[in-house]
Amino acid sequence: MNGTGYQVNRKMWKSKSKADVNRAMFKNCSKLQKVVLSNKITRLNDAMFANCTSLQKINIPKNCSYIGKRTFKNCSKLKKVTLSNKITKLNSEVFADCSALQKVNIPKKCTNIGPLAFAYCENLKTLVIPSSVKKISRWAFTGCKNLTIICEKGSYAERYAKKNEVKYRYYK
């Protein structure tokens, strides 16, 4: 049983509808390894998968336009995330402490990366940030020692990287 009253004894969970998903419903489900979400889901609520320490991969549904605060915080085995192109903001601590996460492509509609969004993602090597991003919190990448931002020349991401001494390179 997780901290929210839902019992998840399986290693995989599959949603069939929008109604299947509730706030923090998987929080602390340490056995959960894989989740398949319905394309009908338009939002992932705060702390929904926080502390799912066995979760390795998730594809955010194509119709999802909102990911809440701390949604994937401390998913320490999460290696791969495919974000929906409808995401416009990465909220605070959304991927904080996802120590196995290696690469993320920020969607082209995203304009804001919030505080501690990727904090302590120790293995995060590349983060592709489109020119649509106009705000990045000063502490968004705290503890990301191996990070290289991939961005467009003259973009806000480039200015952020220079100002905060984060490695960067341009799109190829």
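As the structure is a prediction and not an experimental result, all values here were calculated from the model.
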If you round to the nearest 0.5 Å, how far is [atom2] of [Y] from [atom1] of [X]?
X: Asn164; Y: Thr142; atom1: CG; atom2: OG1; value: 9.0 Å
X: Ile113; Y: Phe95; atom1: CD1; atom2: CZ; value: 10.5 Å
X: Lys69; Y: Leu90; atom1: NZ; atom2: CG; value: 14.0 Å
X: Asn85; Y: Ile106; atom1: CG; atom2: CD1; value: 11.5 Å
X: Leu101; Y: Cys144; atom1: CG; atom2: SG; value: 9.0 Å
X: Lys89; Y: Ser65; atom1: NZ; atom2: OG; value: 13.0 Å

Distance-minimising heavy-atom pair for [X] and [Y]:
X: Arg43; Y: Tyr66; result: NH2-CE2, 3.1 Å
X: Leu44; Y: Thr71; result: O-OG1, 3.9 Å
X: Gln33; Y: Leu55; result: O-CD1, 3.3 Å
X: Lys86; Y: Lys62; result: CD-O, 3.6 Å
X: Ile149; Y: Ala161; result: CD1-CB, 4.2 Å
X: Glu158; Y: Lys153; result: OE1-C, 3.5 Å

| Are Val81 and Met48 co-members of a hydrophobic cluster defined by side-chain heavy atoms under 4.5 Å apart? | yes
| field | Within one Ile-Leu-Val-Met-Phe-Trp-Tyr cluster: Leu147 and Tyr170, side-chain cutoff 4.5 Å | value | yes
| Do other residues, nucleotides or ligands put more than 12 heavy atoms under 6.0 Å from Lys80 NZ? | no
State, with a plain yes or no, whether a side-chain heavy atom of [X] is found less than 4.5 Å away from one of [Y].
X: Ile58; Y: Leu37; value: yes
X: Ile41; Y: Asn63; value: no
X: Thr88; Y: Asn112; value: no
X: Phe49; Y: Val35; value: yes
X: Tyr168; Y: Lys162; value: yes

Please list, one pair per line, the donor and acceptor atoms closer than 3.5 Å that link side chains of residues 72-79 to other protein atoms, with sequence neighbours excluded.
unit_1 : atom_1 : unit_2 : atom_2 : d
Lys73  : NZ     : Glu93  : OE1    : 2.5
Asn74  : ND2    : Asn51  : OD1    : 3.0

| query | Distance-only, no hydrogens or angles: does the Asn91 side chain make a donor-acceptor pair with backbone N or O of Ile67 under 3.5 Å? | reply | yes
Which atom pairs, one a donor and one an acceptor, fall under 3.5 Å between side chains of residues 118-137 and the rest of the protein, sequence neighbours left out?
unit_1 : atom_1 : unit_2 : atom_2 : d
Asn123 : ND2    : Ser99  : O      : 2.7
Ser132 : OG     : Lys108 : O      : 2.6
Ser132 : OG     : Cys110 : O      : 2.6
Lys134 : NZ     : Ser131 : O      : 2.9
Ser137 : OG     : Trp139 : N      : 3.4

| task | I would like to know whether Ser92 and Leu116 meet side chain to side chain contact (heavy atoms under 4.5 Å, CB included); could you show each step before the answer? | result | CA-CA 6 Å; Ser92 62; Leu116 305 170; 5.7 Å; no
| request: Quickly, which of Asn39, Ile87, Leu83, Thr42 forms a side-chain contact (heavy atoms from CB on, under 4.5 Å) with Cys64? Name it, please. | output: Ile87
